[in-house]
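Numbers here simply count residues along the sequence, with the first being 1. For clarity, every value in this text was computed on a predicted model and none was experimentally measured.
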Amino acid sequence: MAQYKWIKVPTSGKKITVKDGVLSIPDTPIIPFIEGDGIGRDIWKASNRILEASVAKAYKNKKKIEWMEVFAGAKALNLTGELAPQETFDAIREFKVAIKGPLETPIGSGFRSLNVTLRQVLDLYACVRPTQYIAGIPSPVKHPEHTNFVIFRENTEDVYAGIEWEQGTPEVKRLIEFLYDSFKVKIRPDSGIGIKPMSIFGSKRLVRKAIEYAIQNNKQRVTLVHKGNIQKYTEGAFRKWGYELAAQEFGKQTLDEKTVWEKHEGKIPAGKVMINDRIADIMFQHVLTRPMEFEVIATPNLNGDYLSDACAAQVGGVGMAPGANIGDEVGLFEATHGTAPVHADKNVANPTALLLSGVLMFEYMGWTEAAKLIRNSLGKTIQQKRVTYDLERQMEGAKKLSTSEFGDAVIENLA
């Protein structure tokens with residue numbers, strides 16, 4: 001094992017390893033965690049207890065997580081003088097599977113998002129966002145139970161690559177002049193400029209992950225979401241490359257929507273996955289009015305960010321929304337909401353998003369028994385209307401619990 005300055009590696013436990021893309025999980029895996037900023041401190045404490053209790057119960061104390069704290073955000077800055085120490089990246093690479101709470105992203109400053117930095121530096125190119133309703137959760141739509149799909153969002157390219165120049169700088173002036181002199185492209189001189197790169201490599205590996213997930217989980221639809229009618233050589237190319245990848249690598253297992261209608265009367269043959277596509281703006285309408293038509297969604301970075309949060313709203317909001325960032329060897333699981341500093345250290349925040357991210361982590365590790373225990377217990381607790389303040393104020397007759405009390409209730413219902 002590598003030597004670290006700030007990170008204390010547990011003396012017990014073993015590393016998760018990866019060979020030929022397959023995880024090898026010991027009974028006592030060492031798993032790095034980042035507590036997070038703001039409410040991260042509260043929701044991690046509750047989630048951690050539930051995750052440990054579920055493993056103990058599911059495997060009769062024959063399996064156990066050895067947690068290893070790694071640092072990013074405010075805690076890292078106070079400890080190391082850096083927001084994102086290099087050893088944090090090194091440790092997550094070494095130990096393969098990690099989980100994190102929310103990290104603050106400064107707005108309007110020169111510092112890039114820590115969340116984006118972790119994804120890009122570790123090349124966690126697939127942001128996986130399941131959207132699934134838990135009975136009893138307040139929802140703004142009539143039938144939230146119809147919303148049940150998984151979004152695969154490209155994580156490293158698009159405008160999130162962070163290639164931009166501030167208005168009024170010498171660099172942006174040179175770029176505006178270059179674009180006019182070389183291509184006769186007119187841009188207002190008081191503009192800031194950003195560049196949107198999207199590659200064949202980045203697009204195809206994201207679509208590959210989505211199709212592999214569909215095949216492994218017996219899903220029949222993978223929908224490519226894009227704005228290719230306007231951005232033809234980036235978003236339109238994403239669509240084109242997605243279809244190419246499906247035909248080249250999964251030709252025996254996939255077919256396109258046109259073929260389904262022309263040769264199969266609109267019915268997807270058993271054992272096949274239909275690849276289709278939708279333009280981003282109409283997709284926002286379809287996930288509201290016809291959500292049952294979607295199972296797996298693959299999308300570029302920015303559209304995926306918007307879409308996953310909008311879909312989360314249909315099943316209770318981002319406070320209920322788990323997330324995973326997956327690469328070829330490393331998986332980093334995270335709550336998808338912000339740090340809510342106004343509620344920090346008050347023991348009131350809802351830990352469900354982070355807890356369900358832990359469930360995704362268990363499923364990724366093959367610990368499905370523990371994952372199922374938590375899903376069932378969480379559903380039972382919500383049905384009992386024992387919830388944190390964000391849900392209690394929307395549910396008639398609910399009992400308001402603190403973060404730690406909600407953790408106690410979920411542990412009590414593990415069965």
Side-chain angles (χ1 to χ4, degrees), residues 35-54 57-58 99 101-102 129-149 287-288 291 308-323 333-360 362 370-415:
E35 184 181 62
D37 296 325
I39 60 171
R41 294 184 288 273
D42 292 325
I43 64 175
W44 170 249
K45 291 173 186 174
S47 298
N48 178 25
R49 290 194 296 117
I50 299 167
L51 295 172
E52 289 186 344
S54 70
K57 189 172 187 66
I99 187 169
R129 294 280 301 270
T131 303
Q132 186 175 15
Y133 181 64
I134 299 174
I137 294 292
S139 170
V141 299
K142 290 183 177 180
H143 293 289
E145 70 276 7
H146 294 162
T147 305
N148 186 4
F149 42 74
V287 294
L288 283 168
S308 56
D309 277 6
C311 292
Q314 296 175 221
V315 297
V318 291
M320 306 296 296
F333 299 80
E334 65 176 355
T336 57
H337 56 68
T339 59
V342 68
H343 298 303
D345 303 314
K346 295 180 180 178
N347 196 26
V348 297
N350 186 348
T352 299
L354 184 57
L355 176 61
L356 286 175
S357 299
V359 170
L360 294 183
F362 283 166
K372 186 176 180 180
L373 275 179
I374 296 174
R375 288 192 186 278
N376 291 341
S377 177
L378 184 60
K380 183 177 180 180
T381 305
I382 290 169
Q383 285 287 308
Q384 293 169 341
K385 296 188 176 183
R386 301 161 70 191
V387 292
T388 48
Y389 85 98
D390 56 318
L391 298 179
E392 181 268 341
R393 61 188 178 182
Q394 303 177 66
M395 297 169 65
E396 186 176 348
K399 181 179 180 181
K400 182 170 68 174
L401 303 181
S402 68
T403 309
S404 55
E405 288 171 339
F406 182 75
D408 293 338
V410 175
I411 292 171
E412 176 188 315
N413 283 325
L414 288 172

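- In plain terms, the two heavy atoms of P140 and A313 that are nearest each other are CD-O, 3.2 Å.
- A search for ring-ring contact (aromatic ring centres under 6.0 Å, His included) contacts involving F149 returns nothing, not counting sequence neighbours.
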Check against side chain to side chain contact (heavy atoms under 4.5 Å, CB included), H337 and I43: CA-CA 12 Å; H337 56 68; I43 64 175; 3.7 Å; yes

Derivation of the side chain to side chain contact (heavy atoms under 4.5 Å, CB included) call for H343 and D42: CA-CA 9 Å; H343 298 303; D42 292 325; over 6 Å; no

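- Under the salt bridge (Lys or Arg N to Asp or Glu O under 4.0 Å) criterion, D408 pairs with R49, not counting sequence neighbours.
- Distance alone, capped at 3.5 Å, places no donor-acceptor pair between the T352 side chain and the M320 backbone.
- A donor-acceptor contact shorter than 3.5 Å links the side chain of T336 to the backbone of A321.
- Residue A415 comes nearest to L373 through the heavy atom pair O-CD2, 3.0 Å, listed as atom of the first residue, atom of the second, then distance.
- Taking a 6.0 Å sphere around NZ of K385, one finds it holds more than 12 heavy atoms contributed by other residues, nucleotides or ligands.
- Closest non-hydrogen pair, L391 versus P138, comes out as CD2-CD, 4.2 Å.
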From CA spacing to verdict: side chain to side chain contact (heavy atoms under 4.5 Å, CB included), R375, L356: CA-CA 8 Å; R375 288 192 186 278; L356 286 175; 4.1 Å; yes

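- Side chain of Q314 to backbone of V287: a donor-acceptor contact under 3.5 angstrom is found.
- Judged by distance alone, with hydrogens and angles left aside, the side-chain atoms of S47 form no donor-acceptor pair with the main-chain N or O of W44 at under 3.5 Å.
- Sorted pairs that involve residues 395-415 and meet ring-ring contact (aromatic ring centres under 6.0 Å, His included), not counting sequence neighbours, are lacking altogether.
- Using a 4.0 Å cut-off between charged nitrogen and carboxylate oxygen, E405 and K399 do not count as a salt-bridge pair.
- The shortest non-hydrogen separation linking T131 to A312 is CG2-N, 4.4 Å.
- The minimum heavy-atom distance between A353 and V318, with the atom names listed, is CB-O, 3.7 Å.
- Remark: I382 CD1 to I137 CD1 distance equals 3.5 Å, nearest 0.5 Å.
- A distance of 10.5 Å separates CZ in R129 from CG in L360, rounded to the nearest 0.5 Å.
- No option in N376, V410, L414 other than V410 meets the side chain to side chain contact (heavy atoms under 4.5 Å, CB included) test with T381.
- No side-chain heavy atom of D37 sits less than 4.5 Å from a side-chain heavy atom of P341.
- Under the 3.5 Å distance criterion, the side-chain polar atoms of S139 are left unmatched by any main-chain donor or acceptor of V315.
- The closest donor-acceptor contact from the side chain of Q383 to the backbone of A135 lies under 3.5 Å.
- The backbone N or O of S404 sits less than 3.5 Å from a side-chain atom of N347, completing a donor-acceptor pair.
- The OG atom of S54 sits 14.0 Å away from atom NZ of K372, with the distance rounded to the nearest 0.5 Å.
- Between R386 and N413, the closest side-chain pair of non-hydrogen atoms falls below 4.5 Å.
- T388 places no side-chain N or O within donor-acceptor distance of the main-chain N or O of V348, the cut-off being under 3.5 Å.
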Worked check of side chain to side chain contact (heavy atoms under 4.5 Å, CB included) between F333 and I99: CA-CA 5 Å; F333 299 80; I99 187 169; 4.3 Å; yes

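- Among M395, K400, R393, Q394, the one residue that satisfies the side chain to side chain contact (heavy atoms under 4.5 Å, CB included) test with V387 is M395.
- Closest of all the heavy-atom pairs between R41 and A344 is NH2-CB, 3.7 Å.
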